[in-house]
Amino acid sequence: MSDPALAVHDRLLAHYGPQGWWPADSVFEMMVGAILTQNTSWTNVERAITHLKQAGLLGAAAIDACDRERLAAAIRPSGTYNQKAQRLKAFSRFYLQHGGENGIASLPEARQALLEMHGIGPETADSMLLYALDRPVFVIDAYTRRIFARLGLTPPDAPYPALQAYFQSRLPASVPLFKEYHALIVAHAKQHCRTRPLCAGCPLLPGCAHGPGVLRPAAA
DNA sequence: GGCCAGGTGTAAA
DNA sequence: TTTACACATGGC
């Protein structure tokens, strides 16, 4: 009998297939995307990243050197662009000071160092650690909290560290597994569990309309 | 026109 | 220590 946390992953993977996260051309682009996607749809992040590329601003030195207003204008489609411009500049400085992703990756307390930066919270830090730096940390987002609360596996108000511990204590510490799992949760949430407080047709819920063990889209 | 998006930080109560 | 709000564009 496998753990429910692993069973959910297996069902999601069987249904949706590998998600291929994180979509980016470089490690730095991934980390930029992690900041840009804060409370923002990925399609808007893509627009912002395209603008950055066109402006020659998708590099730490370029972001560090450019005016905050110009950076903000480039990332405008991602929303909260003034905040994010400031955050990108702070992160780019951090990135340069540590000698790039390899320097950051070699920090024993990389997570703590990221969290100490203004504008990088636990989800952004863990997204960077998992997808950009290949550290086996499980990323918790609003979807994860919502879905697993609905499944009755975790308390709805469980704090971030408790949810992270839930997964990390039950799953093998595998970077590919953690990457795929978080991506699958997002893919599933987009399709089924966006609405609150309950998604009656969610195939992961007990007694769902699709019957036991069956995963397919809620749309008829 | 309202709600939501691969959150985070700050300020009231 | 909770709760509320600001940040802000774009899709549905």
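Order of the sequence lines fixes the chain letters, A, B, ..., with proteins taken first and strands second; residue numbering starts at 1 for each chain.
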S.K.: Rounded to the nearest Å, what distance is computed from the CE atom of residue M128(A) to the P atom of nucleotide dG7(B)?
M.R.: 13 Å
S.K.: Under 4.0 Å, heavy atom to any atom of DNA chain B: which of residues 178-187 of chain A qualify?
M.R.: V186(A)
S.K.: Could you state the atom-to-atom distance from OH of Y160(A) to P of dT8(B) in whole Å?
M.R.: 8 Å
S.K.: Does a side-chain N or O from R145(A) land closer than 4.0 Å to OP1 or OP2 of dG7(B), or not?
M.R.: no
S.K.: Find the distance Q38(A):CD to dC4(B):C1' and express it as a whole number of Å.
M.R.: 16 Å
S.K.: With no hydrogens and no angle check, just 3.5 Å: does a side-chain donor-acceptor pair link E69(A) and N82(A)?
M.R.: no
S.K.: Side chains of L57(A) and H51(A): does their closest heavy-atom pair fall under 4.5 Å?
M.R.: no
S.K.: Looking at F167(A) versus F148(A), is the centre-to-centre ring distance below 6.0 Å?
M.R.: yes
S.K.: When you compare dG6(B) with dT3(C), how far apart are their P atoms, in angstrom units rounded to a whole number?
M.R.: 26 Å
S.K.: Between C1' on dG6(B) and CZ on R146(A), what's the gap in Å once rounded to a whole number?
M.R.: 11 Å
S.K.: Can you check the E116(A) CD to dT8(B) C1' distance for me, whole Å?
M.R.: 16 Å
S.K.: Is the CD atom of E109(A) crowded by more than 12 outside heavy atoms at less than 6.0 Å?
M.R.: no
S.K.: Just how far, in rounded Å, is C1' of dT10(B) from NE2 of H118(A)?
M.R.: 9 Å
S.K.: Would you call D25(A)-K53(A) a salt bridge at under 4.0 Å N-O?
M.R.: yes
S.K.: Answer whether the closest heavy-atom distance between the side chains of L13(A) and L184(A) falls below 4.5 Å.
M.R.: yes
S.K.: Hey, is W42(A) stacking on dA5(B)? Ring centres under 5.5 Å, planes under 30°.
M.R.: no
S.K.: Would the W22(A) and W42(A) ring centres measure less than 6.0 Å apart?
M.R.: yes
S.K.: Quickly work out the L88(A) CG to dT8(B) P distance and round it to whole Å.
M.R.: 14 Å
S.K.: How close or far is atom C1' of dG6(B) from atom CZ of F138(A), stated in whole angstroms?
M.R.: 13 Å
S.K.: Given dA5(B), is OP1 or OP2 found less than 4.0 Å from the side-chain N or O atoms of Y143(A)?
M.R.: yes
S.K.: Could you check whether Q38(A) and T124(A), counting side-chain N and O atoms only, form a donor-acceptor pair closer than 3.5 Å?
M.R.: yes
S.K.: Applying side chain to side chain donor-acceptor pair (under 3.5 Å), which residue pairs with at least one partner in residues 169-186 of chain A are found, sequence neighbours left out?
M.R.: D134(A)-K179(A)
S.K.: Using a cut-off of 4.0 Å between protein heavy atoms and nucleotide atoms, how would you tag nucleotides 7-12 of chain C 5' to 3' with B, S and -?
M.R.: BBBSS-
S.K.: When rounded to the nearest Å, what value does the distance between C1' atoms of dA8(C) and dC3(B) take?
M.R.: 14 Å
